[in-house]
Structure formats: C-alpha cells, structure tokens
Amino acid sequence: MNETPTRDFIRQIIHDDLESGKHDGIVTRFPPEPNGYLHIGHVMSICLNFGVAEETGGITYLRFDDTNPGKEDKEFVDAIEADVHWLGFDWQDRLTNASDYFGQLYDAAVRLVEMGLAYVDSLTAEETREYRGTLTEPGRNSPYRDRPVEENLDLLKRMRAGEFGDGEHVLRAKIDMASPNMNLRDPALYRIRHVSHQHTGDAWCIYPMYDFAHSLSDAFEGITHSLCTLEFEDHRPLYDWFLDQLKPEHRPRQIEFSRLNLAYTITSKRKLSELIGEGHVAGWDDPRMPTIAGMRRRGYPAPALRDFVRRAGVTKKDKLIEMSMLENSVREALGDAAERRMAVLKPLKVVLTNFPEGQVETMDAMNHPNDPSRGTRTVPFSRELWIEQDDFMEEAPRKFFRLKPGGEVRLRSAYIIQCDEVVKDDDGNVIELRCSYDPETRSGMPKSDRKVKGTIHWVSAEHAVDAQVRLYDRLFTVPNPNTADDYHSVLNPDSLETVAAKLEPALGELAAGEAVQFERLGYFAIDSRDDRADARVFNRVVTLRDSWAKIEKAAMAAEQGGS
RNA sequence: UGGGGCGUAGCCAAGUGGUAAGGCAACGGGUUUUGAUCCCGUGAUUCGCAGGUUCGAUCCCUGCCGCCCCAGCCA
C-alpha cells in the first residue's frame, strides 16, 4: 500500500513556506471538540494535520476545543485519544486544551476592551438577533456599543466575578455591523455560563467563543498552518482580525479544505447520537457506525483508513465518495494480512455415503494461498459435513459451477464429491444432500487435479465450532441520507443480519484483533465487545468481490426486461 | 435579490497556454483447488455553458448557469 501522499494544494503551500524560509518548521494541530466520537470525516483531518507534520519533520498538537462546558464530556476525550492513537498518530507531550489558555484569553479580551475594540453588550439574545440584520440587510449598532472603556472594563470584571446571570451580558468585538460577512457584525467573544468545566471546574463563569479562542490558541502554540474545513472559510477574516489587533508573537495561517463525505452514511454528531438514543444502533462503536470506534470494532485496519483518505485527496471541492472506494482500501489491506479459514454461514448437511462412519481424516490447508511461506493448518474431515446453502441448487442454470443433483464439485483442500440424492422435508425444503466422494481425489494426490469446474468450502459437522456471525450492510438505503426529509425514513432495515455459523476448529482459538478471510465469503474479525471463548462472535468486515452475484443480478434484470 | 467557496468520465483526482495522468466503479479477456487475488484490455475530439483574446485555451478575459456554506450568547 502506497502511503506517500501526492502534493495537494495545502502541502504545496507548506512546501513553499519551507522553501522560501517563511517557516523553519511546521506546527499543526488537530482540534476536536469533545462532544462526540470521531468519525470518517475526522480521519481526513487527522491524517492531514499529523501527516503534513510527519512529512516535514514538524510537530502536531492534539488540542481539545473545550470552550463550551455542558456539551463536552470526559468520555469523549478518552475516546478521541484512543482513536487518534489507534489510527497511528502520536502527539507525544503535546496534548492541550483551549481551556489551558483561559487566562491568556481573558487578558487578551481585556486588551481589546482597552483598545476600544470590544464592548460589553446587554441586549438579550433575541434582541441581538434582531439587531444583526439579515443576509441582505445590514445590522444596526447596539445601543450599548459606545459604552466608555472604563465602564466596559468594569462590567467585564464583574462578568468574570460572577455578578451576573447567564445571558445578562456578553462581550463583543467592535467591528462592523454592516459587514456583508455576518461573522464581522460584532461577534461575541465571551458569554456568561454558570456551569462547571471538566478542567477548570468553577474557576470561570464566562467562556470564550470559538473564533476568539481558536485564533489565539493557534497563535499561542505557534501553529504555522491551521487547517480546517470549508465552512470556516468566511470566519478567516475574523481569525485574522484577532491576530491583526493583538499582534501575538506567532502568526498562524488558516487554510480550508473540503470535508470528506461517504455515500450511504451520515456524520452529523447530532444524528449519530440520535441513532444511538433511539436504538437503531448499539452505540458509538456499533460496527455499522462511520465512527473510528465503530470501524475499528468492525475490523477495518487503520492502514486501510489512512490509504482511503490518501486516495480521496485534499481539495476544496465538495465530495461524496462511493463506499466501494473505502471497501477497496479495506480489501487491499486485508488481502495480504488476513489468513484464510473456512466457515459456513448458512449450513446445509452433506452426508458422504461411501465414507466410513466414525473415520476422521486430517487435511492440510494453506493459510494463505498467495503466500505459501505462511504455512498450513490441519482441518478435520469426516462423513458428515456442512456446506453453504447457496452452494447447492436443485435446478441450476448452466453457469452455476457449484453443487447440483448428479453434479460434481471440489471440496476446498479435500475431495471431489458428487451429489447423488436430495433429501427434503415435508414442506419440500432441501434439508440434506447424500453424496459420494472420490477417494483418489484428495488434495495433493495425483488424481486431485482432475478438471472440476467448482470449488466450495465446508466444515466437518462433528468438529464444527458454533459461532454467531454478524453480517453488516450499509446503514442507509440512499447515497446521501442528508438530503432526505427525514433520515429515519431511509434507514436500511437490513443493515444487520445475525447467523448461527459453523466454523472450522482453528477458528475456535483465533486471537481477538486478528482479522481472517472466510474463504469465498469475506473478511471477518472477532467482535471486541461480545465475543467469549465459549461463544464466539464474529463481525463481517467486508465481503469478497462477487462476480457470481453480478451475473445473477444481470440475469434477473434481463429476465425482468421481458425479452 | 448580500458575502464566501466550488464546478475535469458514474465517484474521487492530476494537469493551469501547446493539444486531457492515476485510483475506484463498470465492461471485455487470461490465470486460478477462493466465481477471490493476480494479469491484460476498453472509456473525456473534451474539461458547467456561451462569447472573446491567442497560431493554439481545461488553463487568460467577459457574461451566464448550477451546487455548497454563512443571519448560535455552537464548533
């Protein structure tokens, strides 16, 4: 897997800044708000910020943007740290919080007041909205806008001292109420919130707003390039305004790139949280969730996620990337890494009528057919086997290479068998196949290379390990659930199917965290939450590509086309 | 109808004055004891549209069209 990034427009700017000597080293930051779990969109930002620093020998801060106590939680802090580490990045001792700078931020606010560039406003929230104007009409100055500096200073000190209730006053920058850029219409700098903060406790009852805190925190940390998403583009004039007025030692530059959206998913923290609350998924780490925790539990390898965002690229164009691109990265990573095993998801009994009762043979199966150096494992073989229901068809089309009445098929790493008799229950359902095996066709024997069209997987019934296997599909039925009137209406009711599977014995001892390929089916990983030694639980990471499914689908479409 | 962005194949994405890289998907074919992997091959007379400048434009200019973001004391 190629992890070398192409030089996107941001890396080009950084390259140029190093070349020109504008900067001697690069400093970036990943600044999540700890109010939810990280998702696939954040992976892009993490890889960009940490990646760009790694590539240039620079450094990256993990800074929690904790300016809004009440919405933020320690659980999210811990999850975010775990997720960033798991993705493969290390901030070393550079873990900071916006709250670390509350003192400096307050001093900066006082300075703005002293410079006549900020004032305490006493309008209500509703009044403020009315005064702000609209997209097409300018706003009006607040009647409190021209309070004298001394009065502002006094009021600000008393706000900080806790003399006022929530919402009574707010500190605002004095910029331009007629600006076509709404962000410049005297934005709020501080609001009163009598809420204790996870880090600062009750030391403060006024908290800084994002724009003010972010711009200055970047400056305090010596961030050279502050990379964020497109919706902050028209905040940049404000970001720069703080730097222009306060002239901190370091001057960071904000650069915006487009968010990464994945088809058939949503990344709104609010909606994700609702899915959990309403019980549509089991939690933030449900394997169907587009969260890092969910994808990890599902079994996506971290390198696959990194590869995926590298291939998606960094640009300013809105993107909605197809699921197949992510799946390709996952399959590519697992194709090399995962050892092969056999498992039957929907079992159908096969009895080998000419195989001695009670006899057990031991087959050698390759752990990785594309890499013989990874050795073999033994698989028991006996008179009664399980095969996949889908691998038998009573009335099969010509192109069906699997088992059919009177037909032959090869059992992977074992013998060639022939289907002699189909046993049905009273309702006509096929419940058992009576077959005969050809003793001369055992894998490795001279006659084993006899030409047989199909090869299917199997598990010896008496040796099979029972397991629950969870088959996941996309969470939504439409590519862009965000455009639906109500995303609930496009939830995929079949996003999870649970089956009672039969596994080859070796899978009973598989270590957690190790993904394997169930041959002909897909990649599977042990569920980190529900698996037990005596009750195995596997998650399907992703299916294998399936050209037979395509042929079937095409055939069905042709039939319906009514020729 | 204010401001800020963006428009290159179904989805991503290079190229930015010299005659359209690459990946994913799709579709053919070959190898194969996974209908997997692997390998080979197929796609833009054209870069949102219309004019203009130029010997020559995806790239420069003008106009138009479409999509996204902004009216939290959220981030």
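Naming: A, B, ... by sequence-line order, numbering from 1 per chain.
Relative to the six-membered ring of A/Y264, A/R474 meets both conditions, a distance below 6.0 Å and an angle of at most 45° to the axis.
Aromatic ring centres of A/F538 and A/F518 lie closer together than 6.0 Å. Taking the ring centroids of A/Y239 and A/Y210, they lie at or beyond the 6.0 Å cut-off. Ring-centre distance between A/F212 and A/F242: below the 6.0 Å cut-off.
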Q) For nucleotides 27-37 of chain B, read 5' to 3', which letter fits each nucleotide if B means a protein heavy atom sits under 4.0 Å from the base, S means only the sugar-phosphate is that close, and - means neither? A) S-----BBBBB

**Q.** Footprint string (nucleotides 5-11 of chain B, 5' to 3'): B base within contact, S backbone only, - free, heavy atoms under 4.0 Å
**A.** SSSS-BB

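Interface remark: the A/N181 side chain does not form any donor-acceptor pair with the B/rG4 base, using a distance-only criterion of under 3.5 Å.
A salt bridge does not link A/E388 to A/K346: none of the charged nitrogens lies less than 4.0 Å from a carboxylate oxygen.
Side-chain polar atoms of A/N35 and A/R270 form no donor-acceptor pair below 3.5 angstrom.
Rounded to a whole angstrom, the distance from the C1' atom of B/rA36 to that of B/rG30 is 16 Å.
Annotated as anti: B/rG63, whose O4'-C1'-N torsion sits more than 90° from 0.
Contacts of A/L262 with the nucleic acid, taken as non-hydrogen atoms under 4.0 Å apart, are absent.
Counting only residues at least two apart or on different chains, the salt bridge (charged side-chain N to carboxylate O under 4.0 Å, His left out) pairs with a member in residues 158-169 of chain A are A/D154-A/R158, A/R158-A/E163.
A/R185 has no side-chain polar atom (N or O) that falls below the 4.0 Å cut-off from OP1 or OP2 of B/rC70. At B/rC74, one or more side-chain N or O atoms of A/R193 fall inside 4.0 Å of OP1 or OP2 (strictly under the cut-off).
Exactly one of A/F64, A/W204, A/F102 qualifies for a ring pair (Phe, Tyr, Trp, His ring centres under 6.0 Å) with A/H197. That residue is A/F102.
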